[in-house]
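See structure below.
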2 protein chains.
Amino acid sequence: MTTEYSGRGDVAFSLKVMWGGEERPTRGPRPGLSVARIVEAAIRVADAEGLSALSMRRIATELGVGTMSLYRYVPGKAELVDLMLDTAYGEDLDPERDPGQEAERLRAGGWRAGLEQIARGSWALHLRHPWILQVSQARPVLGPSSITGLEIAMRLLDGIGLDDLQMMKVITLVDSYVTGTARLVVEAGQAAQRTGVSDEDFWDAQGPFLMRFLSDERFPTLARAAAAGVFSGDDGDGFGFEFGLQRVLDGIEAFVAAAGRDRPAPGSA
Amino acid sequence: MTTEYSGRGDVAFSLKVMWGGEERPTRGPRPGLSVARIVEAAIRVADAEGLSALSMRRIATELGVGTMSLYRYVPGKAELVDLMLDTAYGEDLDPERDPGQEAERLRAGGWRAGLEQIARGSWALHLRHPWILQVSQARPVLGPSSITGLEIAMRLLDGIGLDDLQMMKVITLVDSYVTGTARLVVEAGQAAQRTGVSDEDFWDAQGPFLMRFLSDERFPTLARAAAAGVFSGDDGDGFGFEFGLQRVLDGIEAFVAAAGRDRPAPGSA
DNA sequence: CATAACTTCGTACAGCGTACCCAGTAAGGG
DNA sequence: CCCTTACTGGGTACGCTGTACGAAGTTATG
C-alpha cells in the first residue's frame, strides 16, 4: 500500500528548492552533497527497489554518507518525495522549449493527436517510475514541471470551443484514466517482487479457489470468459490501455463536437 | 503514499477464510475474538484514521486485547488487509440476491444505466473507505465479493454485441476511471488530516509561488484559468467525476454501436 | 588567530510488524 | 477424577523505520 504523502512537512522548503535552486553558503566546509544528487539517488532506489525500500538509511548508503548528513540538505523524507515527484515530471520536458512552443508542436496533428501523445507520455512515465503511483498526492506541490505540463495541456486545448473549466475537466479525465490504468499494470508487473510471493506460488494458492468459482453455477459468465482466456494476463495492450484511451478520446471528441455546435469556436464559421 | 500490499503473505489463508468461514476448534478455551471482529475493527480504524494509523497495536487496543492475541486469528497484517478489502467490496452486495438476479435488475434501464450505477456505487465505496486506494492490489486476492461484483458487471454487458475480452476491457476502463478520479478526490479531502498541514498553512506556503507563475509570461493559459476560478477546489462535481463518467460512457456507447453494426447482437435484426 | 558558520554523522528514541515463549484454560481419555 | 493435550492470551524482544540532538571537525571572515 501507499503510505508516503506529498505536500506534508515544510512545503515552503520544497517549493523554494524547486523554483529557486540552491545557493551555496559562503562559510564552512564545502557541502559534499547536493539536493539534486540526493533526489537522483532516491529516484534510483525507488525505481529499482520500490518505494517501500526507500529509507533515509538506504539513500545514505547509496551515496556513501552517514544517514544524518542527508538532513543537512533536505528537511525530511516528505520534502524529498516532493522533489522526487517534480524531478520525475520534468524528465519529458525540454528545458529549451517553453510551454507555448511545446503546445504548438503538439497541436500540429490536431488536439486529439496531441492529447493522445500527452496521455502516452504520462503512461510511459508511470511505468518508468512506478513509485509515483504510491505517492498520495493529497496536496500537489506545484513545482515547475507539473505546472509546465499543465500549461502545455491547457494551451493544447485552448480555442477548440471549450471554456477553461471544461478544458480542465478534460485534462483531469485523461489523467485519471491514465493513472488508474497504470496502477493496474504496474502493480501486476511488480507483484512478485513486492509481495515476496512468486507468480507460481500465488496461482498455486489461488488455483483451488479459482476452480471453485469457475464451476459454481453463480458465476457462469466468468467461467465462460476464463475459458476464453480473458484472465491469461497481458494481451500486449497493457490491460486495455489503448482500448480505453481510444474510448475516452472518442467521448471527449463527441463532447467537443457538441460544444462547437452550441458555440462555434473563434475562427470557425 | 501507499505501502501496504494485498496478496502477499499466506494467500491460501486469506482465501480459506473468505470462502470457507472459520471453524471452531473443539479443545481449549473459547476464542474471545473472531476474524470477522478483527476485520471489522481494522476497517473502523482505517476509515477514521487512515491506513497509516492502522497498526496491529492500534487494532488490539481498539478491541481491548493484547497485540499478540490478534496473531491467533490472522497470520499477519497482509492477510488482514486482504480480508478488509473483500469485506468492503461486499458491503453493497445483497447476500439474498445472486449475481444473475442483480445483473437483471441493473439491466432494466439498459446496459448504460446499469454500468453508470455500478460506477457510482464503486465511487461511493471508495469515498467511504479511502484506504482502499492506498492498498496496492498487485495480486488481487479473488474473494467472493470481488468475484461476485465482476460476474454482475460481465453479465450486465453480456449479449450487447461485445466478446468476452471486449466486455472485460470495458469494465476495466470504467474501473480505472473511477479509481483514478476517486484518488484525486479522496486525497484532496483528507489532505489536512493526513499531512498534518492545514489548508490555510498549505496555501499560505504555496501562495507566493502561485503568484510567481500566475504572473509569469510562460503560463498565460493557467493564469487565465486561475482567474476564472478553475483552481478554487470542488465545484460540486467531485473533480469532474460526473463529467468524465459521461464522456467515458459516451465513448463506450459509440464502441458498442459500432460493434453492433459489424456483428449484430443476438436478438436484433 | 579567534570566532562564527558550516559540515559530517554517531547515538538515541519512539513506533512498527512479529518471532518466541510461558502461563492459564478447557475438553478428552484413562 | 485427574492428567494430558490442544488451545487462547499476551509479555518480551529484535530489527526495522524517521529523525531530534549534540559532539567533533573544517573553513571563511573580522
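Proteins come first, then strands; the chains are lettered A, B, ... in the order of their sequence lines, and each starts at number 1.
The stretch residues 63-71 of chain A touches DNA chain D through Thr67(A), Met68(A), Tyr71(A), each having a heavy atom under 4.0 angstrom from the strand.
Remark: P of dT8(C) and CZ of Arg37(A) are 11 Å apart, rounded to the nearest angstrom. Atom CD of Glu79(B) is separated from atom C1' of dT18(C) by 12 Å (rounded to the nearest Å). Following rounding to the nearest Å, Arg30(A) (CZ) and dA5(C) (C1') show an atom-to-atom distance of 15 Å. Between the P atom of dC21(C) and the CZ atom of Arg72(B) lies a distance of 13 Å, rounded to the nearest Å.
Using cut-offs of 30° and 60° on the angle between ring planes, the pair Tyr177(B) and Phe241(B) is parallel.
Residues Glu62(B) and Arg44(B) are paired through a salt bridge, judged by an N-O separation under 4.0 Å between the basic side chain and the carboxylate.
Scanning both residues, Ser176(B) and Thr179(B), for their nearest heavy atoms gives O-OG1, 3.2 Å. Contact between Thr148(B) and Phe219(A) at its shortest, heavy atoms only, is OG1-CE2, 3.7 Å.
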Please produce a list of atom pairs where a protein N or O lies less than 3.5 Å from an N or O of nucleotides 13-16 of chain C.
unit_1, atom_1, unit_2, atom_2, d
dC16(C), OP1, Ser55(B), OG, 3.3

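An OP1 or OP2 oxygen of dT8(C) is reached within less than 4.0 angstrom by a side-chain nitrogen or oxygen of Tyr73(A).
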Step by step, work out the salt bridge (Lys or Arg N to Asp or Glu O under 4.0 Å) result for Arg128(A) and Asp92(A).
-> CA-CA 12 Å; Arg128(A) 207 158 60 233; Asp92(A) 289 339; 3.4 Å; yes

For Asp82(B) and Lys77(B), run salt bridge (Lys or Arg N to Asp or Glu O under 4.0 Å): C-alpha distance rounded to whole Å, both residues' side-chain angles, the deciding distance at 0.1 Å, then the answer.
-> CA-CA 9 Å; Asp82(B) 288 339; Lys77(B) 198 183 177 186; over 6 Å; no

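Residues passing the ring pair (Phe, Tyr, Trp, His ring centres under 6.0 Å) test with His129(B) are Trp131(B), sequence neighbours excluded.
Using a 4.5 Å heavy-atom cutoff, the side chains of Leu63(B) and Leu70(B) are in contact.
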